[in-house]
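For clarity, every value in this text was computed on a predicted model and none was experimentally measured. Ligands are counted one by one from 1 in listed order, and the atoms in each one are counted from 1 as well.
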Amino acid sequence: MRRIITYGTFDLLHYGHINLLRRAKALGDYLIVVLSTDEFNWNEKQKKCYFTYEQRKQLLEAIRYVDLVIPEKNWEQKRTDMHEYHIDTFVMGDDWKGKFDFLKEEGVEVVYLPRTPEISTTQIKKDLK
Ligand code: C2G
């Protein structure tokens, strides 16, 4: 049972997120999404989410590729998450390329997948304005 993990805000869920989750799940059998809490988003990523953590969690849990959603509360938890959840592969979009290579030290495979072009939560908000 290959266990995959990925992290993100997933606000205003869109097909770019789905493309990432589908490809992440295809790398194994069980996909854990570590979802940024409202506090983490605001304090660490200066992101004001449209949907609350609970709403974003509910949306993710409805996706066929997602097996478990847990909270991302800080930047530091990744190392322990790899062991706590017995992770084989860590996956992120390639806008993060190289940023999490240190997780290889925890014995996991680190994979950066190409982002889906032309779609982002920021773009959606701009277009709707
Ligand atoms: N993504 C993508 N294509 C897009 C938009 C997003 O592949 N057009 C991917 C991102 O690369 C990321 C995931 O979807 O892997 C979630 O994107 P965000 O919600 O923007 O996540 P981010 O704010 O980058 O949070 O600790 C890591 C952070 O929590 C990552």
Side-chain angles (χ1 to χ4, degrees):
M1 164 103 131
R2 281 192 68 79
R3 299 164 62 86
I4 317 293
I5 200 165
T6 191
Y7 293 68
T9 301
F10 295 98
D11 194 27
L12 296 186
L13 196 64
H14 55 67
Y15 63 89
H17 296 134
I18 302 301
N19 284 342
L20 188 283
L21 295 170
R22 184 183 62 253
R23 287 174 293 159
K25 181 60 177 281
L27 296 173
D29 310 287
Y30 190 89
L31 174 61
I32 300 174
V33 178
V34 191
L35 182 61
S36 309
T37 61
D38 297 331
E39 299 74 19
F40 179 62
N41 272 312
W42 183 243
N43 298 332
E44 298 298 325
K45 296 199 265 184
Q46 289 70 48
K47 283 188 175 183
K48 177 98 179 69
C49 288
Y50 182 80
F51 289 126
T52 65
Y53 174 81
E54 279 311 317
Q55 289 165 335
R56 290 180 285 119
K57 180 171 187 282
Q58 205 179 4
L59 285 160
L60 283 169
E61 286 172 341
I63 298 169
R64 65 175 61 204
Y65 310 120
V66 176
D67 296 290
L68 177 67
V69 180
I70 58 170
E72 177 182 33
K73 299 176 180 161
N74 57 63
W75 292 111
E76 294 70 35
Q77 69 183 80
K78 291 186 177 69
R79 282 190 188 274
T80 46
D81 288 348
M82 297 308 124
H83 302 285
E84 197 173 333
Y85 294 93
H86 313 289
I87 299 303
D88 296 291
T89 304
F90 168 91
V91 178
M92 287 302 290
D94 62 4
D95 46 318
W96 292 94
K97 194 165 179 57
K99 297 287 190 306
F100 301 114
D101 289 355
F102 64 87
L103 289 171
K104 291 176 189 165
E105 296 158 20
E106 305 305 325
V108 305
E109 183 191 15
V110 174
V111 174
Y112 300 103
L113 297 172
R115 273 176 74 91
T116 300
E118 276 110 52
I119 180 79
S120 72
T121 303
T122 315
Q123 193 59 48
I124 295 170
K125 287 179 178 174
K126 262 195 214 133
D127 293 352
L128 288 178
K129 266 209 178 96

Residues sharing Leu103's hydrophobic cluster, by side-chain heavy-atom contacts under 4.5 Å among ILVMFWY, directly or via others? Met1, Ile5, Tyr7, Tyr30, Ile32, Val34, Phe40, Leu68, Ile70, Trp75, Met82, Tyr85, Ile87, Phe90, Met92, Trp96, Phe100, Phe102, Val108, Val110, Tyr112
Among Asn19, Asp94, Val91, which one satisfies side chain to side chain contact (heavy atoms under 4.5 Å, CB included) with Leu113? Val91
Is a donor from one side chain sitting under 3.5 angstrom from an acceptor on the other, for Ser120 and Gln123? no
Would you mind telling me which of Leu21, Val69, Ile18 makes a side chain to side chain contact (heavy atoms under 4.5 Å, CB included) with Phe10? Leu21
Can you tell whether the side chains of Asp67 and Arg3 come within less than 4.0 Å, N to carboxylate O? no
Sorted by chain and residue number, the residues with a non-hydrogen atom under 4.0 Å of ligand 1 are Tyr7, Gly8, Thr9, Phe10, His14, Gly16, His17, Leu20, Ser36, Lys45, Lys47, Glu72, Trp75, Lys78, Met92, Gly93, Asp95, Trp96, Arg115, Thr116, Ile119
We want to know whether Asp81 and Gln77 form a side-chain donor-acceptor pair, criterion being a heavy-atom distance below 3.5 angstrom. yes
